[in-house]
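Counting convention: from 1, in listed order, for ligands and their atoms alike. We number each residue from 1, following the sequence as shown. The figures that follow rest on heavy atoms only: side chains count, while hydrogens, waters and symmetry mates do not.
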Amino acid sequence: MSIRHCLLSYSAILGLGGSFAHADTAQLVPAYPLYCQGPLTTSAPSGRETTTHFVWASTGAGAAAPKAGQCAWADRASRGSEIINGGNVICDFSSSMKSVAANTYVEVGVMRDPQVNDCMHLFRYVGATHPPFSAVPALEPFTRRSVANLSAAEIASLRKGVQVMMSRPVTDPTSYAFQANIHGTSANPTDPAESASWNNCEHGSFFFTAWHRMYLYYFDRILRAAAGDPDLALPYWNWQDPAQYALPTPFRSPANASNSLYIAAPNRPAALDAGAALLDASVTNSSAADADTGFETGGTLTGFGFGGGTSAPAQFNTPYGDLETQPHNIVHSTLGGLMSDPITAAQDPIFWLHHAQVDRLWNRWIQEGGGRADSTDAAWLNTKFTFYDEAQHPVYLTGQEIVDTVGQLNYRFDDDPAFHKEEREKEVHGAAAERTAANQEFKTLATSTQTLTELGAKPARFDVPLAAPARDEMRSFAAAPAKRVFLRIDDVHTDKPPGFYYAVYLNPPDPNKIEANSPGFVGNFSLFSMRTHPAHGETPAATHGFSAQFDVTRLVRSSPSLENATVVLVPRGLVNSDGQQLPLEGQNVGVIGAVRFVTTQ
Ligand code: C2O
């Protein structure tokens, strides 16, 4: 890491003290650097907590060289009352804090924790250091690396963290089971904390990216503390690299209970565990989402933008954004087993690496520039989502507190280009002005003759008669470049999302024989998160089910005949090393109410 980068991330960290420290924020995230001189004695753990008492050095010149038993902020500044309070304590729930011998120095990242008597909660054990101390300390962010590049020792640490979390009882918010239940569960909560925390995943809305970033952020901290490894950071699975289309080896080998990352069939397809079943580019590509320049609107795939729609138009429960639609949902469905259903997905440890990759793609998208910017909608910025930290405290974050992973959450990705925060802010503000109204309404042009079509592991066909005036209206689009036509899959219900997805085709040359490269491909459709679940925040209104939509403007414009439309959904899933589809299983996996063509008003 370059000095320049350190400087930037440190100023970003300091900036937080002012702009984000609302009085009611339970706990803030980034690690402030603190230098201490020994002797400092760390207590034996009481529960999971150790304590280390120290004395604050005075500010100014004194702080540049903390004396024996003293600590000072790296920038020599005072942050309120802590400097004058004399004695203080570093509380640590991660067992990383070590006793510091006389005449030695240590650098740690801490944050005042109002939930534990304002102790200095350890976030980062940096380690031994020596004077003179830089006023611009190198407190490097955690780096999320590709799982393919981790050493055997790093994999062992990851396994240990997961195994320790799995060994904790579900009543412990830092247990693996509790954390997975935050995403979804069919288990009944036994107390108010569980009822408030479980089944909270945000899908089918523009909170998708932000909520999952927050969720992973706390999981990462809990995991690091559980592993007792101050350097552990959640890795990501780069399933867009053709060399990594198979489930990462550490998750399937050894294939026994000694490996906390391994899940046996049927909770994962056996062929996936065997390394014989692969994802492919049609599942993992994010080209439509990458091409978007709007967060909430104008998406090239769904029309709702990269991140999802602000609010749902009437008759539309779930304005899935493009990143969520493809690759996120399609990867879930293709992996099958626990991963194919939000109620169980986080029970498979690969969930966290899948989402670290989705999070990385979000960062990538912002870094791409060209007006790409996060939402500036007040609800997106300010809605609080509650989680638990490694000290078992309830904590919350809002959208505006998580948009800068380095400055606000103290992590980066191994292939992040170093980018300048100030430049990005300029872009954020520039792009906001050009944003169009998010609340677009749709007008139905035509509806399929079939109603309530049952879905399974075979193609489903819908015929949509295009009588005048719908046909004339659709034809007139060639002359009205601002108009768009969407194919909408409506009133979708499932009780158990299947381990495959559907490739959707409009007017394929031969509806009975569709190949991967047949003309008329519209997009991939997944039943992931279309489950009807009463405890789930996204349960559709009683009158209609979930919907997904795809922009078909270009296909309609280039269509020679518009008398009728045929829409075919072809089930697809894992492939073998020759790219051939593996057999799919599933009957009555869900229903589709109708297929419609709709247009923007
Ligand atoms: Cu909340 Cu990938 O799911």
Which atom pairs, donor and acceptor, lie under 3.5 Å between side-chain atoms of residues 259-270 and protein residues at least two apart or in another chain?
residue: N259; atom: OD1; partner: R159; partner atom: NE; Å: 2.8
residue: N259; atom: OD1; partner: L261; partner atom: N; Å: 3.0
residue: N259; atom: ND2; partner: P250; partner atom: O; Å: 2.9
residue: N259; atom: ND2; partner: P254; partner atom: O; Å: 3.0
residue: S260; atom: OG; partner: R159; partner atom: O; Å: 2.8
residue: R268; atom: NE; partner: D348; partner atom: OD2; Å: 2.8
residue: R268; atom: NH1; partner: F251; partner atom: O; Å: 2.6
residue: R268; atom: NH1; partner: D273; partner atom: OD1; Å: 2.9
residue: R268; atom: NH2; partner: L261; partner atom: O; Å: 2.7
residue: R268; atom: NH2; partner: D348; partner atom: OD1; Å: 2.9

Would you find a donor on one side and an acceptor on the other, under 3.5 Å apart, between the side chain of D389 and the backbone of V395?
-> no
Are Y501 and H332 near enough that their ring centres are under 6.0 Å apart?
-> no
Does the ring center of W362 lie less than 6.0 Å from the ring center of F208?
-> no
Mind counting the protein N, O or S atoms sitting less than 2.8 Å from atom 1 (Cu) of ligand 1?
-> 3
Would you confirm whether S151, through its side chain, and E154, through its main-chain N or O, come within 3.5 Å as a donor-acceptor pair?
-> yes
If you stand at atom 2 (Cu) of ligand 1 and look out to NE2 of H328 and NE2 of H332, what angle do those two lines make, to 10°?
-> 90°
Tell me whether the centres of the aromatic rings in Y236 and W352 are closer together than 6.0 Å.
-> no
